[in-house]
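Order of the sequence lines fixes the chain letters, A, B, ..., with proteins taken first and strands second; residue numbering starts at 1 for each chain. Since we're looking at a predicted model, the values are computed, not measured.
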Amino acid sequence: MEAISLNSKVRVRFAPSPTGTLHIGSARTALYNWLYARHHGGAFVLRIDDTDLVRSEDRHEKSIMADLRWLGLEWDEGPDVGGRHGPYRQSERLERYREAAAALLEAGHAYHCFCSEERLASLRASALAAGGAPRYDRRCLALSPAEVARRLASGEAAAVRFKVPGRDAVIDDVVRGQVAVGAAAIGDFIMIRSDGVASYNFATVVDDLDMEITHVIRGDDHLTNTAWQVQIAEALGAEPPRFAHHSMVLGADGGKLSKRHGATSVGDFRKLGYLPAAVVNYLALLSWSHGDDEVLGLGRLVEEFELERLSLSPSIFDRAKLDWLNHEHVMGLDPREHERIFASRLPAETPPPAVAALAAAFQPSLVVYGEAPALAAGVLEEPAPDRARVAGAQLQLQEARRLRAAAGDWLSPVVARDLLAAYRVWGKERGIRARELLMPLRIALTGVEHGPELPFVLAALSRSQTLRRLDAVIAGAHTGASNPTQGDAP
RNA sequence: GCCCCCAUCGUCUAGCGGCCUAGGACACCGGCCUUUCAAGCCGGCAGCACGGAUUCGAAUUCCGUUGGGGGCACCA
């Protein structure tokens, strides 16, 4: 094993079907492949498994590639970047599969099948009813070569089936050890459909061999596929790649992670404002660990990640932990980078000083960037008139007036910190406690009792905004006092 | 139904026969800090699915039960 890895360069592939967006579970598979390739100095190949011609769409291929790049998982070979083993779309390799099928037909490892889908369906139904695994009954294997030739010549549609060798398939799995699938469970499956297009299980084997893939790293939902695939590889006279089947990602209820669990695609998380580094970090931590280190960047992951240490059991996707990791990554971000991302979430017309102040204010506590607009609005938006009235009622009117009257003093320093310090000095001289001094100011400025630290609020607002809000609250308090139902405290 | 995989706190995991009175993290609860809410810091709660067997000794090995997941297409 050591000798092999020294002599042959590791080559892995991620082979999504462009039938939808990149699911978080698939992203995890891509990540494991990528990490394995980078760790071993090997190649990471992107192949598009689009043999399902009707469900495959170009826009999905594009979005999957965009999501992979967003995650930071660049590939060395693929449909857009090329490479020595192209083409990298299965739809462009159809001829190659027919060629390989012809060889298998020639060698007696495959045969033509003329059975209708209806017959196959009823075969399946009766097998299931009888309590057995649905397997093809090999009716067409019994056809004479002459009859096959005649029916083919007459233009009758035929699929090509693999003639399974009838022995157990043994998979030597990197993470699971030896896994044996009994011969009884493996039927003669279709390699080439009657429309001439290869099926997944066949195309995959041909491509993995052609592309010199050394390790196939994928979800354990493929474990039974692997049984057939090793047998095809052997029939093709080739040494199958090593396999590594990782566990699945489940939803909070233990079921397959799907739409009803909320965000499930990489794009969803991108839109919500998660950092790619945090998503990747979380995905790696799902079924893997490295001592007490949990907050790990891509670089560390490349160094430390080991397939052999993957947990064997399925893991449940926990958004709360992802949130925590994202928060950790946000805190660790270069402040300028954080400000850039934060700003991208705000309305374009947000004044630069406000952007800078708010970005700085929230870097220590932000969970996801999707929160940015609401957080910023809480400070930047003028408190609603009725809100100002309510705030005015909560405010000690005397305090507010004194505050406003003193504005000339505390608005003079340019830096917000100094502003606040000066204000506190002003209050201290008058024997006013910090809470009584600052809470009314907070309410006057933002209309609510919670929010970022006041220095940031002051820095985010312009001088005229600050004065206008104070005036509005004082005026609102007046209105409240003159309103009999309001019952403003004396 | 049949086949395959899996099984440590609610969740992700450490543990690979004695170092385990089972460690860490998230979540939760409490405290501290603080103008507020968060964040941060400190502390707490909480688990080896069950039954046999092996062994001087089992979370760790073996068998079974139960439970969970996956697969069983001319989808990938």
Using only side-chain N and O atoms of [X], determine if any of them is under 4.0 Å from OP1 or OP2 of [N].
| X | N | answer |
| --- | --- | --- |
| A/R124 | B/C74 | yes |
| A/K256 | B/G71 | yes |
| A/H290 | B/U13 | no |
| A/T51 | B/A76 | yes |
| A/R176 | B/G70 | no |
| A/R47 | B/A76 | no |
| A/R193 | B/C75 | yes |
| A/S311 | B/U13 | yes |

Looking at the side chain of [X], which of [options] is the nearest nucleotide?
| X | options | answer |
| --- | --- | --- |
| A/E453 | B/U36, B/C12, B/C74 | B/U36 |
| A/E328 | B/G69, B/G40, B/A76 | B/G40 |
| A/P455 | B/U35, B/C74, B/C26 | B/U35 |
| A/L312 | B/A76, B/U35, B/C6 | B/C6 |
| A/P134 | B/G1, B/U35, B/A27 | B/G1 |
| A/M439 | B/C5, B/U35, B/C12 | B/U35 |
| A/D221 | B/U35, B/G71, B/C72 | B/G71 |
| A/L120 | B/C12, B/C5, B/C74 | B/C74 |
| A/D318 | B/G10, B/A14, B/C37 | B/G10 |
| A/R309 | B/U35, B/A14, B/G69 | B/A14 |

Atom [atom1] of [X] and atom [atom2] of [N]: how far apart are they, to the nearest Å?
| X | N | atom1 | atom2 | answer |
| --- | --- | --- | --- | --- |
| A/R319 | B/C12 | CZ | C1' | 17 Å |
| A/D195 | B/C75 | CG | C1' | 13 Å |
| A/I171 | B/G70 | CD1 | P | 18 Å |
| A/W288 | B/G15 | CH2 | P | 12 Å |
| A/L296 | B/U13 | CG | C1' | 13 Å |
| A/W228 | B/C75 | CH2 | P | 13 Å |

Presence of donor-acceptor pair under 3.5 Å, side chain of [X] and base of [N]:
| X | N | answer |
| --- | --- | --- |
| A/S194 | B/C74 | yes |
| A/N225 | B/A76 | yes |
| A/K321 | B/A25 | yes |

[atom1]-based separation of [M] from [N] [nearest Å]:
| N | M | atom1 | result |
| --- | --- | --- | --- |
| B/U66 | B/A27 | C1' | 28 Å |
| B/G24 | B/G67 | P | 33 Å |
| B/U60 | B/A22 | C1' | 11 Å |
| B/C42 | B/G51 | C1' | 43 Å |
| B/U8 | B/A46 | C1' | 12 Å |
| B/C63 | B/U54 | P | 15 Å |
| B/C12 | B/C48 | P | 16 Å |

Distance-only criterion, 3.5 Å: show the donor-acceptor pairs between side-chain atoms of residues 189-199 of chain A and protein atoms not counting sequence neighbours.
unit_1 : atom_1 : unit_2 : atom_2 : d
A/R193 : NH2    : A/T51  : O      : 3.0
A/D195 : OD1    : A/V197 : N      : 3.0
A/S199 : OG     : A/I190 : O      : 2.7

Counting the atoms with a prime plus P, OP1 and OP2 as sugar-phosphate, which does [X] contact under 4.0 Å by heavy atoms, base, sugar-phosphate, or nothing?
| X | value |
| --- | --- |
| A/P16 | nothing |
| A/V179 | sugar-phosphate |
| A/H245 | nothing |
| A/I190 | base |
| A/C113 | nothing |
| A/A180 | sugar-phosphate |
| A/P364 | sugar-phosphate |
| A/G254 | sugar-phosphate |
| A/E371 | nothing |
| A/S365 | base |
| A/R442 | base |

Can you list everything that forms a salt bridge (Lys or Arg N to Asp or Glu O under 4.0 Å) with A/R98? Sequence neighbours excluded, please. A/E95

With a 6.0 Å cut-off (strictly less than), is the heavy-atom count around CZ of A/R433, excluding the residue itself, greater than 12? no

Got a sec: does the CZ of A/R139 have more than 12 other heavy atoms crowding it under 6.0 Å? no

Pair [X]-[Y], side-chain donor/acceptor within less than 3.5 Å:
| X | Y | result |
| --- | --- | --- |
| A/Y97 | A/D207 | yes |
| A/Y111 | A/D188 | yes |
| A/R55 | A/S17 | no |
| A/T29 | A/H246 | yes |

Watson-Crick or G-U wobble partner for [N], using a 3.5 Å limit on both distances?
| N | answer |
| --- | --- |
| B/C2 | B/G71 |
| B/A14 | none |
| B/C37 | none |
| B/G44 | B/C28 |
| B/U55 | none |
| B/G64 | B/C50 |

5′-ward residue of the pair A/S247/A/V181 relative to RNA chain B: A/V181

Note: for A/S315 and A/W324 on RNA chain B, the residue whose nearest nucleotide lies more 5' is A/S315

Aromatic ring proximity, centroids under 6.0 angstrom, A/F14 and A/W75: no

With a 4.0 Å cut-off on N to O distance, would you call A/R119 and A/D137 a salt bridge? yes

